[in-house]
Asks: 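Mind having a look at this structure? Questions to follow.
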Amino acid sequence: VGHLAKLCDGAGQTALRRLCRSCLAVAQATQGDLAGAVAQFRQVADEAEAVHDEFRRAASLAHLGLILAWQGETGAARAAAAAAVEATAEFSELAAGVAHSALGAAALAAGDAAVALDAYETGLQHASFLPQMVGRVYFAAAALAGGDLVAARRGADDAVTTTTGLFLM
């Protein structure tokens, strides 16, 4: 992660730097540095907003919402995810799917299984061609939390049969 941070800093104030720093934040989250990832995604979202880079802003807010949900910061997670949903409404089906997935994670972390299920279903409609990224596993967890064992089983089966690559870990 340290080498990636140095590489990002060398990219200047550009879209490439924001992309690099987003990758750094994902790496931090993967390594368990959730606080570092949150700080990085917040910085990228703020910088992207300042230069009207709506795609990077939305992606950063969606990831931020997901990580805040993992930390149990449900109010902040919902706010970030809702801002991502709003930002993606006009330009990217895939980004909208990821944003809705983050909204679902925030709702699930807050114990609101019905809202989580709705958000995950919407996310899957927006980005069904990348199911591993928009939360089939989380859909199953939300269905289980809501007491719908049939939907939970269906979601789990879908996740197992459609997930590929590194998402199998």
Side-chain angles (χ1 to χ4, degrees), residues 1-112 115-116 118-120 122-124 126-127 129-139 141-142 163 165-167 169:
V1 173
H3 295 297
L4 182 56
K6 289 177 185 175
L7 178 66
C8 292
D9 289 340
Q13 295 296 328
T14 65
L16 178 60
R17 180 172 187 256
R18 289 186 297 280
L19 173 61
C20 186
R21 288 180 47 228
S22 293
C23 293
L24 174 61
V26 169
Q28 287 173 305
T30 302
Q31 292 184 343
D33 180 9
L34 300 183
V38 164
Q40 196 72 244
F41 277 127
R42 281 189 172 131
Q43 289 175 345
V44 172
D46 290 345
E47 184 179 310
E49 183 174 23
V51 297
H52 309 289
D53 179 353
E54 285 302 308
F55 182 82
R56 185 59 44 210
R57 177 179 168 268
S60 296
L61 289 170
H63 284 93
L64 178 62
L66 183 60
I67 294 169
L68 288 168
W70 293 343
Q71 292 180 307
E73 296 182 37
T74 57
R78 282 186 190 219
V85 167
E86 182 180 333
T88 61
E90 302 204 12
F91 68 84
S92 172
E93 286 289 307
L94 174 60
V98 174
H100 279 90
S101 184
L103 192 59
L108 188 57
D112 195 340
V115 170
D118 183 56
Y120 290 133
T122 302
L124 288 168
H126 282 288
F129 58 94
L130 282 175
Q132 67 272 21
M133 291 187 67
V134 293
R136 289 195 188 259
V137 171
Y138 295 120
F139 173 88
T163 301
L166 90 103
F167 296 99
M169 296 189 304

Asks: Hey, is the main chain of Gly97 close enough, under 3.5 Å, to the side chain of Ser101 for a donor-acceptor pair?
Replies: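 No.
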
Asks: For Ala105, check side-chain contact (heavy atoms from CB on, under 4.5 Å) against everything at least two apart and list the hits.
Replies: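 Only Leu66, Ala69, Tyr120 meet the side-chain contact (heavy atoms from CB on, under 4.5 Å) criterion with Ala105.
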
Asks: Using every non-hydrogen atom in the two residues, find where Leu61 and Ala84 come nearest and quote the distance to one decimal.
Replies: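 Of all heavy-atom pairs spanning Leu61 and Ala84, the closest is CB-CB, 3.8 Å.
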
Asks: Taking only residues two or more places apart in sequence, or in another chain, which ones meet Ala58 in a side-chain contact (heavy atoms from CB on, under 4.5 Å)?
Replies: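 With neighbours one apart ignored, the set is Ala87, Thr88, Phe91.
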
Asks: For residues 36-45, dump all side-chain donor-acceptor pairs below 3.5 Å to protein atoms at least two apart in sequence or in another chain.
Replies:
| from | atom 1 | to | atom 2 | distance (Å) |
| --- | --- | --- | --- | --- |
| Gln40 | OE1 | Arg21 | NE | 2.8 |
| Gln40 | OE1 | Arg21 | NH2 | 3.4 |
| Gln43 | OE1 | Arg21 | NH2 | 3.1 |

Asks: Do Glu73 and Leu34 come close enough that some side-chain heavy atom pair is under 4.5 Å?
Replies: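 Side-chain contact under 4.5 Å: no.
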
Asks: List the atom of Ala141, the atom of Leu108, and the distance in Å for their closest heavy-atom pair.
Replies: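 Of all heavy-atom pairs spanning Ala141 and Leu108, the closest is CB-CD2, 4.0 Å.
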
Asks: For a quick test of reading the model, state the closest non-hydrogen atom pair linking Gly65 to Ala102 and the distance between them.
Replies: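 Gly65 and Ala102 have their closest heavy atoms at C-CB, 4.5 Å.
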
Asks: Suppose we screen for side chain to side chain donor-acceptor pair (under 3.5 Å). Which residues come up paired with Asp53, at least two apart in sequence or across chains?
Replies: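 Applying side chain to side chain donor-acceptor pair (under 3.5 Å) to Asp53 gives Arg18.
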
Asks: Could you note down all residue pairs passing salt bridge (Lys or Arg N to Asp or Glu O under 4.0 Å) where residues 80-89 supplies at least one of them, sequence neighbours left out?
Replies: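 The answer is none; no pair qualifies.
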
Asks: Indicate the atoms forming the closest heavy-atom contact of Leu103 with Ala82, along with that distance.
Replies: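 Looking at all heavy atoms of both residues, the shortest contact is CD1-N, 4.1 Å.
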
Asks: Indicate the atoms forming the closest heavy-atom contact of Ala107 with Ala116, along with that distance.
Replies: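 Between these two residues, the closest heavy atoms are CB-N, 3.6 Å.
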
Asks: Looking only at non-hydrogen atoms, find the nearest pair between Ala99 and Ala62 and report the distance.
Replies: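 Here Ala99 and Ala62 meet closest at CA-CB, 3.9 Å.
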
Asks: List the residues meeting side chain to side chain donor-acceptor pair (under 3.5 Å) with Glu54, not counting sequence neighbours, and say none if there are none.
Replies: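 Testing Glu54 for side chain to side chain donor-acceptor pair (under 3.5 Å), a comparison that skips the adjacent residues, returns Arg57.
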
Asks: Quick one: CG on Leu24 to CG on Leu19, what's the gap to the nearest 0.5 Å?
Replies: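 So the gap between those two atoms works out to 11.5 Å.
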
